[in-house]
Student: 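Just passing along the structure, written as structure tokens.
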Amino acid sequence: MTAPRRTRPHAAVRPARWAADAVAMMREGARVRLDYSAQSLWRVDRMVEEIRREGAPYDAVREMLRGFGAYAGEVIVRHAGAEWWASGGDHWIRTPDGRLWDPIDEARRCYRGQGSLRLLCRDALG
């Protein structure tokens with residue numbers, strides 16, 4: 001007899017794919033390995049900062065930022081027992097204590113120089 005397989009909520013399908021794409025992009029393009037650890041978010045924050053300093057237009061990096069935010073959300077999901085929630089095309093993380101987090105918006109804030117995925121994760125896991 002096989003053990004029952006735990007399925008992820010439907011809301012997690014898209015963000016999990018975006019996160020996996022970000023991991024592949026970082027591995028293949030920047031030669032940076034992301035392992036879904038909270039510590040790996042240092043590298044993501046640094047990458048967003050480098051992109052911002054280079055002056056890349058937002059429209060050129062919008063999908064990349066979405067992937068970085070989804071990656072941060074997956075880190076929170078995997079380490080805090082949180083789950084993805086979706087409504088109207090937006091995706092959030094809900095931690096077991098009931099708080100909602102928006103890592104995709106936090107990635108956008110990072111690009112504007114006003115956020116940190118590492119600190120968002122630290123607060124969500126804390």
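On a predicted model such as this, the values are computed, not experimentally measured, just so you know.
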Student: If you count every heavy atom of other residues, nucleotides or ligands that lies below 6.0 Å from Arg14 atom CZ, does the total exceed 12?
Tutor: no
Student: Give me the atom names and distance for the closest heavy-atom approach of Gly81 to Pro96.
Tutor: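 Residues Gly81 and Pro96, closest heavy atoms: O-CG, 3.6 Å.
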Student: Quick one: salt bridge (charged side-chain N to carboxylate O under 4.0 Å, His left out) partners of Asp35, sequence neighbours excluded?
Tutor: none
Student: Check for me, please, whether Ile51 and Leu65 land in the same ILVMFWY cluster - side-chain distances under 4.5 Å, paths through other members count.
Tutor: yes
Student: Which residues pass the salt bridge (charged side-chain N to carboxylate O under 4.0 Å, His left out) test with Arg17, not counting sequence neighbours?
Tutor: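 Once residues adjacent in sequence are excluded, the partners of Arg17 under the salt bridge (charged side-chain N to carboxylate O under 4.0 Å, His left out) criterion are Asp21.
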Student: Between Arg46 and Glu49, does any side-chain N to carboxylate O distance fall below 4.0 Å?
Tutor: no
Student: Treating Ile, Leu, Val, Met, Phe, Trp and Tyr as nodes and any side-chain heavy-atom pair under 4.5 angstrom as an edge, say whether Leu100 and Trp84 lie in one connected cluster.
Tutor: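 Each belongs to a different hydrophobic cluster.
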Student: Atom SG of Cys110 and atom CZ of Arg52: how far apart are they, to the nearest 0.5 Å?
Tutor: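 One finds 9.5 Å between SG of Cys110 and CZ of Arg52.
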Student: Please report the closest heavy-atom contact between Ala80 and Leu125, naming both atoms and the distance.
Tutor: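 Scanning both residues, the minimum pair turns out to be CB-CD2, 3.4 Å.
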Student: Charged N to carboxylate O below 4.0 Å: is that the case for Arg53 and Glu50?
Tutor: no
Student: Which pairs count as ring-ring contact (aromatic ring centres under 6.0 Å, His included) when at least one residue sits in residues 87-110, sequence neighbours excluded?
Tutor: Trp18-His91
Student: Looking at CG of Leu120 and CD of Glu106, how far apart are the two atoms once the value is rounded to the nearest 0.5 Å?
Tutor: 5.0 Å
Student: Please name all residues satisfying salt bridge (charged side-chain N to carboxylate O under 4.0 Å, His left out) with Arg66, sequence neighbours left out, ordered by chain then number.
Tutor: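 By the salt bridge (charged side-chain N to carboxylate O under 4.0 Å, His left out) rule, Arg66 matches Glu63.
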Student: Tell me whether Leu119 shares a hydrophobic cluster with Val44, the cluster being built from Ile, Leu, Val, Met, Phe, Trp, Tyr side chains joined at under 4.5 Å.
Tutor: no
Student: Which atom pair, heavy atoms only, marks the closest approach of Ala70 to Pro15?
Tutor: CB-O, 3.3 Å
Student: Which side-chain hydrogen bond (donor to acceptor under 3.5 Å, both in side chains) pairs, counting each pair once, include a residue from residues 115-126, with sequence neighbours left out?
Tutor: Asp45-Ser116
Student: Looking at side-chain heavy atoms only, is the closest gap between Met25 and Phe68 below 4.5 Å?
Tutor: yes
Student: Would you say the side chain of Thr95 lies within less than 4.5 Å of the side chain of Ile76, judging by non-hydrogen atoms?
Tutor: yes
Student: Quick check: closest heavy atoms across Asp105 and Asp102, and the distance to 0.1 Å?
Tutor: N-OD1, 3.0 Å
Student: More than 12 heavy atoms of other residues, nucleotides or ligands under 6.0 Å from CZ of Arg112: is that the case?
Tutor: yes
Student: Could you check Val23, Val77, Leu41 and say which one makes a side chain to side chain contact (heavy atoms under 4.5 Å, CB included) with Tyr36?
Tutor: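 The passing option is Val23.
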Student: I need the minimum non-hydrogen distance between Leu34 and Ala22, along with the two atoms involved.
Tutor: CD1-O, 4.5 Å
Student: Which heavy-atom pair separates Ile93 from Gly73 by the least distance, and what is that distance?
Tutor: CD1-O, 3.6 Å
Student: Looking at Arg27 and Val32, would you say the former's side chain and the latter's main chain have a donor-acceptor pair under 3.5 Å?
Tutor: no
Student: Is the shortest heavy-atom distance from the side chain of Val75 to the side chain of Ser37 under 4.5 Å?
Tutor: no
Student: Considering residues at least two apart in sequence or located in another chain, which fulfil the salt bridge (charged side-chain N to carboxylate O under 4.0 Å, His left out) criterion with Asp97?
Tutor: Arg99
Student: Would you say that Tyr71 contacts Met26 through its side chain, given a criterion of any heavy-atom pair below 4.5 Å between the two side chains?
Tutor: no
